[in-house]
Protein chains: 2
Amino acid sequence: MTKSTIFIVLGMQKKHVADIRAFNRFYTGVLGLLDQHILDSRYSLPEVRVLYELYHSVNLTASEIIAILRIDKGYLSRMLLQFQKKKLVSKKWSARDGRAAHLSLTEKGRNEFEALNEASNRQIKDILERLTEDDCNILVGHMTGIRTILSKTK
Amino acid sequence: MTKSTIFIVLGMQKKHVADIRAFNRFYTGVLGLLDQHILDSRYSLPEVRVLYELYHSVNLTASEIIAILRIDKGYLSRMLLQFQKKKLVSKKWSARDGRAAHLSLTEKGRNEFEALNEASNRQIKDILERLTEDDCNILVGHMTGIRTILSKTK
DNA sequence: AAAAATAGTTGACAAAATCAACTATTTTTA
DNA sequence: TAAAAATAGTTGATTTTGTCAACTATTTTT
């Protein structure tokens, strides 16, 4: 490797850092726009994330949700209390561990989540419909590519 | 186009929507991790965004910042007051429009922002250093590709 | 059996964000 | 050009969101 190559490589990293940060700012905006419909709904972002977890795995405990979402346990406890009041979530104390309780969405809870979920899908569809089929494929390819590469760094 | 092709295309869109939402969840986590160092700093995320705008263009007015970041004007007004108290920002009433004021980072403000900025760069570098050179190039290519495609939809 | 760890709840509080009312200008319009 | 409407920014009141620490009740470790 020649001196000039080293220079190019070192210079390139700076460019890469700048490009990645530009992407991060850009995509923060995209996510913010997409989150808008949730902020307009009756639920906050953290609430929707909790509902998401409850929807996708049954009988989670609060501790498990805390581990997944890295959310404060007091905050979660109160959130779950609200959910129970609204009949979105039911709680059953564990037979095996008297400290833990298993949480599930009720029928109403699943319906609520599905409505939010459908609205989110709709938003993405609206974006895709403004693109050519090729661009859709390329876009998704890029996203999958990013996930693949960044998942290696664990 | 045959019936089965239509089926594949329609089916594909659902898959694309799911893939994009999976990416959004994934990247929300990435951004959250990257934001951590800011949350550990003396500044909040909105504060850093405002500092970012002030750093990158001189003599912005509060209204311009509001238009860019879509932030509440009362919230911003108070934030700017804090910045002035900390001598990070200086304000000069406009000669042309007596309602508007031009904002600038002070030397201290620029220094503060640059420190935060350097820490952010460091984080990205740390990630890149765990990747091969090829993966770095591919990663940045994907990000640029996403920006290009999504910028078309405006 | 005692000590340490874990699950979850609760109270007190702090930070973040929103909303509406208000002053002082500038722009529009009739 | 005078009145009305719009805009820039400030301030007060309030709500929402999130954090921290103390606490009870279990379970696990030593």
Side-chain angles (χ1 to χ4, degrees), chain A residues 28-29 31-33 35-54 57 59-86 89-104, chain B residues 28-29 31-33 35-54 57 59-86 89-104:
Chain A
T28 295
L31 292 173
L33 238 55
D35 285 342
Q36 199 50 54
H37 93 270
I38 286 173
L39 297 172
D40 294 342
S41 80
R42 280 186 297 281
Y43 303 97
S44 70
L45 252 67
E47 282 172 339
V48 174
R49 292 224 224 127
V50 169
L51 291 176
Y52 177 91
E53 296 304 329
L54 290 170
S57 26
N59 290 330
L60 282 179
T61 63
S63 292
E64 288 168 330
I65 296 175
I66 288 164
I68 297 168
L69 299 181
R70 294 176 184 184
I71 200 177
D72 178 81
K73 61 185 181 173
Y75 185 29
L76 179 62
S77 177
R78 270 178 268 253
M79 190 188 292
L80 289 170
L81 196 67
Q82 293 307 311
F83 284 161
Q84 284 165 266
K85 276 187 191 161
K86 290 179 188 164
V89 164
S90 66
K91 185 167 98 171
K92 236 176 64 183
W93 290 100
S94 167
R96 280 209 325 195
D97 185 339
R99 297 165 304 178
H102 297 288
L103 301 157
S104 311
Chain B
T28 295
L31 292 173
L33 238 55
D35 286 341
Q36 199 51 54
H37 93 270
I38 287 172
L39 298 172
D40 293 342
S41 80
R42 281 185 297 281
Y43 303 97
S44 72
L45 252 67
E47 282 172 338
V48 174
R49 293 224 221 125
V50 170
L51 292 177
Y52 177 91
E53 296 305 329
L54 291 171
S57 26
N59 291 328
L60 282 179
T61 64
S63 291
E64 288 168 330
I65 296 174
I66 287 164
I68 298 168
L69 298 180
R70 292 173 186 184
I71 201 175
D72 179 80
K73 61 183 180 171
Y75 186 28
L76 179 62
S77 178
R78 269 179 269 254
M79 191 187 293
L80 289 170
L81 196 66
Q82 292 310 308
F83 284 161
Q84 286 166 263
K85 275 188 194 162
K86 291 179 189 165
V89 165
S90 66
K91 187 167 97 172
K92 235 176 66 183
W93 289 99
S94 167
R96 281 209 326 198
D97 185 338
R99 297 165 303 179
H102 298 289
L103 302 158
S104 310

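Below, read A as the first sequence line, B as the second, and so on, with proteins coming before strands; counting in each chain starts at 1.
Under the rule for a side chain to side chain contact (heavy atoms under 4.5 Å, CB included), the partners of A:Thr61 that lie at least two apart in sequence or sit in another chain are A:Ser63, A:Glu64, A:Ala100, A:His102. B:Gln36 pairs by the side-chain hydrogen bond (donor to acceptor under 3.5 Å, both in side chains) definition with B:Asp40, not counting sequence neighbours. Legend: residues meeting ring-ring contact (aromatic ring centres under 6.0 Å, His included) with B:Tyr52, ordered by chain and number and at least two apart, are B:His56. Checked against side chain to side chain contact (heavy atoms under 4.5 Å, CB included), A:Gln82 has the following partners two or more places apart in sequence or in another chain: A:Lys85. B:Asp72 meets the side-chain hydrogen bond (donor to acceptor under 3.5 Å, both in side chains) test with no other residue; sequence neighbours excluded. Applying the side-chain hydrogen bond (donor to acceptor under 3.5 Å, both in side chains) test to A:Arg78 and every residue at least two apart in sequence or in another chain returns nothing. With sequence neighbours excluded, no residue satisfies side-chain hydrogen bond (donor to acceptor under 3.5 Å, both in side chains) with B:Arg70. For A:Lys91, the side chain to side chain contact (heavy atoms under 4.5 Å, CB included) partners at least two apart in sequence or on another chain are A:Gln84, A:Trp93, A:Ala101, A:Leu103.
Among C:dG8, C:dT18, D:dG9, the nucleotide with an atom closest to any side-chain atom of A:Trp93 is C:dG8.
Between B:Lys91 and D:dT10 there is a side-chain N or O to OP1 or OP2 distance below 4.0 Å.
Residues in residues 41-53 of chain A take part in these salt bridge (charged side-chain N to carboxylate O under 4.0 Å, His left out) pairs, two or more places apart or across chains: A:Arg42-A:Glu112.
Residues B:Ile66 and B:Ile71 approach most closely at CG2-O, 3.6 Å, considering heavy atoms.
Summarising the geometry, the separation between CD1 on B:Ile71 and P on C:dC19 is reported as 14 Å, rounded to the nearest angstrom. Atom CD1 in B:Ile66 sits roughly 8 Å away from atom C1' in D:dG9 (whole-Å rounding). Atom CD of B:Gln82 and atom C1' of C:dA16 are 13 Å apart (whole Å). Across the protein-nucleic acid pair, A:Asp72 atom CG and D:dT17 atom C1' stand 11 Å apart, rounded to whole Å. Put simply, CD1 on B:Ile38 is 17 Å from C1' on C:dA15, counting in whole angstrom units. Look at CG on B:Leu76: it is 19 Å from P on C:dA15, rounded to the nearest Å. Summarising the geometry, the separation between CG on B:Leu60 and C1' on D:dA8 is reported as 14 Å, rounded to the nearest angstrom. Taking atom CD of B:Gln84 as the reference point, atom P of D:dT11 lies 10 Å away to the nearest angstrom.
A donor and an acceptor atom sit less than 3.5 Å apart, one in the side chain of A:Arg78 and one in the base of C:dG11.
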Could you go through nucleotides 3-7 of chain D and list every protein N or O atom that sits under 3.5 Å from one of its N or O atoms, giving the distance for each pair?
residue : atom : partner : partner atom : Å
D:dT7   : O4'  : B:Arg99 : NH1          : 3.4
D:dT7   : O2   : B:Arg99 : NH1          : 2.8

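Nucleic acid contact for B:Ser94: none, since no nucleic acid atom lies under 4.0 Å from a heavy atom of the residue. Among the atoms of the strands shown, only primed sugar atoms or phosphate atoms (P, OP1, OP2) are found under 4.0 Å from some heavy atom of B:Asp97.
For the atom pair OG (A:Ser90) and CG (A:Leu54), the distance works out to 9.5 Å, reported to the nearest 0.5 Å. The structure places CG of B:Leu76 at 8.0 Å from CG of B:Leu69, a figure rounded to the nearest 0.5 Å.
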Checklist entry - Which string of ( ) [ ] | and . matches DNA chain D, if you list each base 5' to 3' and count Watson-Crick or G-U pairs only when both distances are under 3.5 Å? => result ||||||||||||||||||||||||||||||
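Contacts between residues 44-54 of chain A and DNA chain C, counted as heavy-atom distances below 4.0 Å, involve no residue at all.
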